[in-house]
Amino acid sequence: MSTLVIVESPTKARTIRNFLPSTYRVEASMGHVRDLPSSAEEIPEAVKGEKWAQLGVNVEADFEPLYVIPKDKKKIVKELKDALKDATELILATDEDREGESISWHLLQILKPKVPIKRMVFHEITREAIRDALTHCRDIDNRVVQAQETRRILDRLVGYTLSPLLWKKIAWGLSAGRVQSVAVRLLVRRERERRAFRQGSYWDLKALLEKGKISFDAKLVTVGKVKVANGSDFDENTGQIISGRRVLLLNEEQARALLSRIQNKPWTVTNLEERPVTRKPSPPFTTSTLQQEANRKLRLGARETMRIAQSLYERGFITYMRTDSVHLSEQAIAAARSCVQELYGSEYLSPEPRKYTTKSKGAQEAHEAIRPAGSTFRTPQQTGLDGIDFRLYDLIWKRTVASQMADSRQTHVTVQTQVEDAGFRSSGKRIDFPGFLRAYVEGSDDPNAALEDQEVILPALKVGDKPNCKDLGAIGHETQPPARYTEASLVKMLESEGVGRPSTYASIIGTIVDRGYAKLIANALIPTFTAFAVTTLLETHFPDLVDTGFTSRMEQTLDEIATGEAKWLPYLQKFYTGETGLATQVKEQESQIDAKVARTVVLENISAKVCIGKFGAYLESESEEGLVKASIPQDLTPADLDPEQVEFLLKQKTEGPEKLGLHPETGEPIYVLIGSYGPYVQLGDISETNKKPKRASLPKGTDKDSVTLDMAVSLLTLPRLLGTHPETGAKVQANLGMYGPYVVHDQGKVGKDYRSIKPPDDVLTITLDRALEMLAQPKAVRGSSKTATPLKELGPHPESGELINVYDGRYGPYVKHGDINASLSKDESVENFTLQRALELLATKEAAGSKTSSKSKKSTKTAAAKSETGTEKAAAKKTTAKKTETAAKKTTAKKTETAAKKTTAKKTATATATKKTTK
């Protein structure tokens, strides 16, 4: 007999096994084993007819949630029950935050153990921490569970009540969320500010001065003792100087005239000021600050940062990664100070240990900040990590160590110089003692290089000195609109406003992008037309739900529920069913919302209406011929839509496409057009005899205005027949596809072999010899019987010893082990992909029962027949074998959505509603 320990993931289980006696058996639940129904199929037959069934929450019965075991978790639950049969004790060792507490509670409800139960918590996975946690087990904290359950119910109520309204009034398949909708509004508000922005221009002078062979810059700041205007003096809404500002605005002519007037005049130092500055190190990382800094330094998205951090935690490299706390334990402070002493010397230690406290009231997600695990900190080089795992650990290590280092002492120097009536200013900075900057500089990977960059050395100067002017130039400037949110700045804004919890930010940002509310371009989050329409509707009819203050107060109440200061049921009743509750508001507002108005997006400086349609955004404008509609390309965002583009799209619709010229061989006209998927060229006119003229998309990044007749003729030759393969005699072609240009060796029934064309090769000029050279290089093809060359070799599987590699598949890179293939997500790069991440993906895929053999179908039927609740048993009995098999094949989110579309209208609404809710 043994003790059964249950954790969330296989990785965590593998690590913990190393620290427990052989009589302990560690198993993984693979995350949540029970939740509210995620589709219509999961709603038990016994309650499908109930009004509240689609919510998954019985509002009339004190908001009782309907929990079900998802099909892909039934096998895991059975395995855990079997393991429990041989155990004399059960230890629930899920994560120590609210969600972890909730998972443990759900396991307890499902497994119904008859043996002693303990709840074990720890914030790092080391031998000492695990052994210590074993001796300090506790009971499940029901107040924390209730708070998490309240959050889950609240999110479900918001999403499932508002989303159907958005479907009716704007477009099918849209979603709203308690935190998601607030975040989208922040993006939209910033984009409105950018569109309302009016650019201003100004000129000034910049000089290069020299004293004692040391050169330094000086910038014009005054003329005749009047301040020269700079960017901060402009009104963003007018592009003019802010009313009441007494400044001198120079244009180009005036700036150049001033330059000529002072060109060869003597310069004199009129004032010199030195100001000592002390900088203190930043606190250790919280979830939020780690996401922000990883985005700035490593260009990682919030989701990828959390995925890597979770992997590092589960393997015992760092402490728990979901935390609001900046606190360090005495053990951690000692370890950090030891690192400083050994690596930098005692002079770099802070005089006293630094103890950080968290200001946020809700900071109770975990006991400590994110730091290296253990009583001694391994340096990054000692971990054996590589790639992105190494870089993120390095970031955490540096930040933690720097938090116990001495202050940085600097001297800021300001020098005023005068030439005629023009005053110039020079600024310098001298680092007298780097202190913590030796280890960590925000926004830089190399502290030593950053220290050199931060210093601006001025020569030794005194009042009355006359430096030489080596160069003097007039420079024009234009004011810039407010910067768009990046993932880092959005996370910072959400946290500062108290919206949501840092542990949820990664999934929220991911949802915003995945659902089409924003595009992530060059690290900036750019809202779409759909985001504008949804935000406008919610602002107009449900302002509280997108108000940051209201949402922040909601978070505070949820925290108070966790501490017992507030009651969950009265709060839910007031929020949802009260006189001003959400359900009441939706009923009252639905009839007042004009769908035509809701689908219309009003943009500054755009005369035409922008409408949201079934197939995306389109323009609508009145003309002499009547109403004109023109599709807006899917890759065009509100930020890019200007009057010129609107005019082009409408003109293309009313007057026909822009004619480039005539084809040199056929004499047919060649046009350049913009369609739903971007610009393309077309040969000939649409007619009864030519309903589908030949078309060719422009290569990615090619502007329609740069297309020449010769280029269009060449594009219309695609696919180009390059010749025949010398070994097979089959044709070799070059063409443009959905994923870019490529060459293909087409052997008919034998199959096609593709290679992407990368610069400097060009689809229009590539030769047969070059194509054959590319085709001769091995390429991994998913499902091919040929031996594939991996994109990256990761190493042997810890259990089977078989090599695990990353391959290039038709739909992107994937990892393979035996018969199991698991795709990398779109935000994961092959370069940074690790063996540990591969093991996680493979374990998840295997647990989900991805194989479609008859054996898996049979086990699915058995699992369905042995559902846990009485209502599930009744549903299973009423379900035919055919339906069960169909359900088993539709376990993934995407396939579930497809399945939902094939059911009745009522079931469709239910299924889609469940899919569309987010926090």
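Residue indices begin at 1 and follow the sequence shown.
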CA sep, side-chain torsions, deciding dist, call: E304, R299, salt bridge (Lys or Arg N to Asp or Glu O under 4.0 Å): CA-CA 10 Å; E304 192 171 1; R299 289 300 183 201; over 6 Å; no
Main-chain N/O of G374 paired to E124 side chain as donor or acceptor, under 3.5 Å: yes
Side chain to side chain contact (heavy atoms under 4.5 Å, CB included) between T305 and N295, worked out: CA-CA 8 Å; T305 297; N295 185 254; over 6 Å; no
E487 and Q291, any side-chain heavy atoms less than 4.5 Å apart: no
Residue pair L839, R14: steps toward the side chain to side chain contact (heavy atoms under 4.5 Å, CB included) verdict: CA-CA 11 Å; L839 293 173; R14 277 194 296 271; 3.8 Å; yes
Pairwise side-chain contact, L312 with L385, heavy-atom cut-off 4.5 Å (strictly under): yes
Donor-acceptor pair, side chain of Y517 and main chain of Q180, under 3.5 angstrom: no
Interatomic distance, R322 atom CZ to E96 atom CD [nearest 0.5 angstrom]: 10.5 Å
Validation row: P372, I396 side chains within 4.5 angstrom (heavy atoms): yes
Polar contact flag, side-chain donor to acceptor under 3.5 angstrom, S175-R515: yes
Name each donor-acceptor pair under 3.5 Å that joins a side chain in residues 490-498 to protein atoms two or more places apart or in another chain, with its distance.
residue: E495; atom: OE1; partner: S288; partner atom: OG; Å: 2.7
residue: S496; atom: OG; partner: K492; partner atom: O; Å: 3.3
residue: S496; atom: OG; partner: M493; partner atom: O; Å: 2.8

Donor + acceptor pair across side chains of T289, E293 (<3.5 Å): no
From D95 atom CG to F122 atom CZ, the distance as rounded to the nearest 0.5 Å: 7.5 Å
Whether R119 side chain and L92 backbone form a donor-acceptor pair below 3.5 Å: yes
Check: A147 main-chain N/O paired with R98 side-chain donor or acceptor under 3.5 Å: no
Q836 and T11 side chains, donor-acceptor separation under 3.5 Å: yes
Least distance between heavy atoms, V68 atom then P70 atom: O-CD, 3.4 Å
Donor-acceptor pair, side chain of Q404 and main chain of R354, under 3.5 angstrom: yes
K81 vs I110 side-chain heavy atoms within contact, under 4.5 Å: yes
R152 with E99: basic N within carboxylate O range, under 4.0 Å: no
Side-chain donor-acceptor contact under 3.5 Å, S104 with T94: yes
K73 side chain vs M30 backbone, donor-acceptor pair below 3.5 Å: yes
Side chain to side chain, Y440 and P281, heavy atoms closer than 4.5 Å: no
Pairwise side-chain contact, I318 with L392, heavy-atom cut-off 4.5 Å (strictly under): no
R151/D155 salt bridge by N-O under 4.0 Å criterion: no
Gap separating the NE2 atom of H327 from the OG1 atom of T357, nearest 0.5 angstrom: 10.5 Å
Contact summary for S29 and I103, nearest pair of heavy atoms: OG-CG2, 4.2 Å
Approximate separation, where rounding is to 0.5 Å, of R307 CZ and R837 CZ: 4.5 Å
Pair Y67-E149, side-chain donor/acceptor within less than 3.5 Å: yes
For F833 against L841, the heavy-atom pair lying closest together: CZ-CD1, 3.7 Å
Contact list for residues 372-390, test salt bridge (charged side-chain N to carboxylate O under 4.0 Å, His left out), sequence neighbours left out: R315-D389
Atom pair CZ (F285) and CG (L395), whose distance is rounded to the nearest 0.5 Å: 4.0 Å
For T286 against D324, the heavy-atom pair lying closest together: CG2-O, 3.6 Å
T319/E368 under side-chain hydrogen bond (donor to acceptor under 3.5 Å, both in side chains): CA gap, chis, key distance, verdict: CA-CA 8 Å; T319 53; E368 276 198 81; over 6 Å; no
Test side chain to side chain contact (heavy atoms under 4.5 Å, CB included) applied to D82 - qualifying residues, sequence neighbours left out: K78, K85
Distance-minimising heavy-atom pair for A369 and L328: CB-CD2, 4.4 Å
Test side chain to side chain contact (heavy atoms under 4.5 Å, CB included) applied to Y24 and I130, step by step: CA-CA 12 Å; Y24 283 70; I130 298 301; over 6 Å; no
Any donor-acceptor pair under 3.5 Å from E555 side chain to G500 backbone: yes
Side-chain (E101) to main-chain (D141) donor-acceptor, under 3.5 angstrom: yes
Nearest atoms (heavy-atom pairs only) where R178 meets V182: O-CG2, 3.6 Å
Minimum side-chain heavy-atom gap E79-E27 below 4.5 Å: no
Main-chain N/O of S507 paired with R303 side-chain donor or acceptor, under 3.5 Å: no
Check: T3 side chain, E89 main-chain N or O, donor-acceptor pair, under 3.5 Å: no
Sub-4.5 Å side-chain heavy-atom contact between F377 and Q382: no
Lys/Arg N to Asp/Glu carboxylate O, R501 vs D559, below 4.0 Å: yes
Separation of I509 CD1 from L520 CG (nearest 0.5 Å): 9.0 Å
Q310/K12 under side chain to side chain contact (heavy atoms under 4.5 Å, CB included): CA gap, chis, key distance, verdict: CA-CA 9 Å; Q310 180 156 344; K12 189 174 175 181; over 6 Å; no
